[in-house]
Amino acid sequence: MKATGPATDVIASSSDGIASSSDVSLSLSKDHLYGAASPAALFDEAAENYRAYMNPPLARVMKVSGSPVEVSAAGCTITDHTGKTYLDFAGGYGVFTLGHRHPRVIAAVKEQLDRIALSGRTMFNPLMGRLAKRLAQMTPGDLSISFFANSGTEAVEGALKLARAATKRPTIVATDAAFHGKTLGALSASGRDAFRDPFLPLLEHVRRVPFGDADALRGALGADTAAVIVEPVQGEGGVNIPPDGYLRDVRALCDASGAVMIADEVQTGLGRCGALFACDREGVVPDVMTLAKGLSGGVVPIGAYVARSSVWNAAYAKQPLLHTSTFGGNELACAAALAALDVLQEEDLVANARERGAQLLAGARATMRRYPAVIEDVRGAGLLVGVELRSEGYGGTIIPELLKRGVTAAWTLNQQRVIRLEPPLIVSAGEVETALRALDAAVAAAFQQLGTLP
Ligand SMILES: *Cc1c(COP(=O)(O)O)cnc(C)c1O
């Protein structure tokens, strides 16, 4: 796309929720250009800073694929430096459950800024306590003790350490294609070799089994197993939905072997999959659940695990400071999370995720039927939908073609043949329809340009 084109030829306004042209002129004011002299100057500055000071190869890939500069966002819409608007169907990989800058979350964070921003840690923090209580009430079964961090990978680190300390056993069992984060411990439990190999040796005593295969798991468990860590639906692995009953089998096998069951719901939790937690789809209560991405409504980073008190006590009853975080659960993050959980429940976004998810799935499947040479499979749970391409080569065209048509989408990290559609849970029927039309046109364009790829 013409990333630095004039604003006038890229104004996209429509009746179904995309920003109007008055938003566009606002977005092109000096304020919205972060002080740059022009849209082109802002783009050049950002791209050059990425190239020179951050990540040269990433800067190149983003430029080639036509990535613009995001300058503002609200609801399901992102506005770029030229004033063009995009429906956000990448959705921050699950961060923007409430869309961008939900007014109630923003208000809660602003109010908290005027009281205390970061905790001093030597005194009680009322919001952290309230959030922990709220999570105990919302999460399934008897999950009740929360630990707060700042990201998904830290939540996973906390859960893995908890399991080892509670069981006094070494071994972690994880699944192929899993994604649990990129710090050393979480990476050790993740499944894509390309991300792991440069850092070997990783954590010892990690065993990997195929995802969705209870028999393989049975064979991997033993008296040395501290934990089984599993995503109820694999997100970055390519939106993989396990066979019915798999999570119940994992639960039973953990019970039989004394291993801690860790459900990594960093991406699937809090409504994403059309249930409050993806574990609820099978009525399974894990021993530890990890949360992050959507937890604070896309405004302040936060991560958490919620554990059964018996597991937590077995690890930390006598040593309260064994696992801590300076910034984890700070007041701003907790204020955001409390407001975000209110919105999630009061606006019944779980139901919307189910309904709009069904619409998105059906529409993407219609495109698959029109272009069977390009799309091999479409699958999803709620508003986590994966479009599996017959060849990786199509993705590099479909994603930029979508962007041209005003829709963001993203690959899954561990499976480059799968494009994920993961819009905010507040998405409207009209917005889903608009994105589906763009998807159909982008797939058509890719087929036209590339033909049938081997
Ligand atoms: C994104 C993700 C993580 C890692 O979260 P970060 O905040 O990027 O560290 C862990 N687990 C799952 C399932 C994820 O999708």
Side-chain angles (χ1 to χ4, degrees), residues 58 90-97 147-163 172 174-192 195-196 199 202-203 206 208 211-212 227-242 247 250 261-273 275 277-279 281 286 288-306 325 327-330 333 336-337 340 380-386 410-416 418-422 425:
L58 179 66
Y93 320 118
V95 167
F96 298 108
T97 50
F147 166 76
F148 293 107
N150 310 285
S151 65
T153 201
E154 286 173 78
V156 168
E157 296 292 333
L160 296 176
K161 285 180 70 181
L162 174 67
I172 309 291
T175 59
D176 291 342
F179 186 82
H180 299 297
K182 287 182 179 165
T183 52
L184 284 171
L187 185 63
S188 302
S190 293
R192 187 175 170 199
F195 286 148
R196 298 159 47 91
F199 308 104
L202 292 170
L203 218 55
V206 178
R208 251 153 63 182
F211 179 69
V228 175
I229 181 166
V230 67
E231 297 155 272
V233 172
Q234 282 189 337
E236 302 303 328
V239 187
N240 300 319
I241 300 163
L247 293 178
V250 174
M261 177 178 176
I262 303 171
D264 184 352
E265 294 241 24
V266 164
Q267 187 159 170
T268 56
L270 299 163
R272 173 58 52 189
C273 291
F277 300 98
C279 281
R281 289 156 44 96
V288 186
M289 179 185 282
T290 53
L291 298 169
K293 293 195 168 95
L295 179 55
S296 63
V299 174
V300 183
I302 191 169
Y305 72 63
V306 193
S325 165
F327 289 135
N330 64 74
L383 280 170
L384 179 56
V385 170
W411 277 290
T412 53
L413 269 177
N414 286 355
Q415 176 47 273
Q416 300 244 315
V418 176
I419 292 175
R420 118 268 304 276
L421 302 170
E422 197 168 1
L425 309 187

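Atoms within a ligand are numbered from 1 in the order they appear, just like the ligands themselves.
- In summary, the side chains of Q415 and T412 do not present any donor paired with an acceptor at a separation below 3.5 Å, with no hydrogens or angles considered.
- Under a 4.0 Å criterion applied to the non-hydrogen atoms of T153, ligand 1 contributes the atoms 4 (C), 5 (O), 6 (P), 9 (O).
- Rounding to the nearest 0.5 Å gives a distance of 8.5 Å between NZ of K182 and CG of L187.
- Close approach of ligand 1 to Q267 is summarised as follows: ligand atoms under 4.0 Å from at least one heavy atom of the residue are 15 (O).
- The shortest N/O to N/O separation between V266 and ligand 1 does not fall below 3.5 Å.
- Ligand-side atoms of ligand 1 in range of D264: 10 (C), 11 (N), 12 (C), 13 (C), range being under 4.0 angstrom from any heavy atom.
- Under the 4.0 angstrom criterion, atom 8 (O) of ligand 1 counts as lacking any protein heavy-atom contact.
- In the vicinity of G181, heavy-atom distances shorter than 4.0 Å reach the ligand 1 atoms 4 (C), 10 (C).
- Only the side chain of E231 comes within contact range of ligand 1, with a heavy atom under 4.0 Å; no backbone atom does.
- When only non-hydrogen protein atoms are considered, atom 6 (P) of ligand 1 lies nearest to G152 N, 3.5 Å.
- The closest donor-acceptor contact from the side chain of E157 to the backbone of G185 lies under 3.5 Å.
- Among all non-hydrogen protein atoms, the one lying nearest atom 14 (C) of ligand 1 is K293 NZ, 2.9 Å.
- The cationic group of K293 does not satisfy the cation-pi geometry with Y93, failing either the under 6.0 Å distance to the six-membered ring centre or the 45° limit from the ring axis.
- Distance alone, capped at 3.5 Å, is enough to place a donor-acceptor pair between the E231 side chain and the F179 backbone.
- Residue contact check: S151 has heavy atoms under 4.0 Å from atoms 7 (O), 9 (O) of ligand 1.
- Counting heavy-atom neighbours within 6.0 Å of L203 CG, excluding the residue itself, gives a total above 12.
- When non-hydrogen atoms are compared, ligand 1 lies under 4.0 Å from the backbone of F179 as well as from its side chain.
- Salt bridge E422/R272: present, at least one basic N to carboxylate O contact under 4.0 Å.
- Counted within 6.0 Å of CZ on F327, heavy atoms from surrounding residues, nucleotides or ligands total 12 or fewer; the atom is thus considered open.
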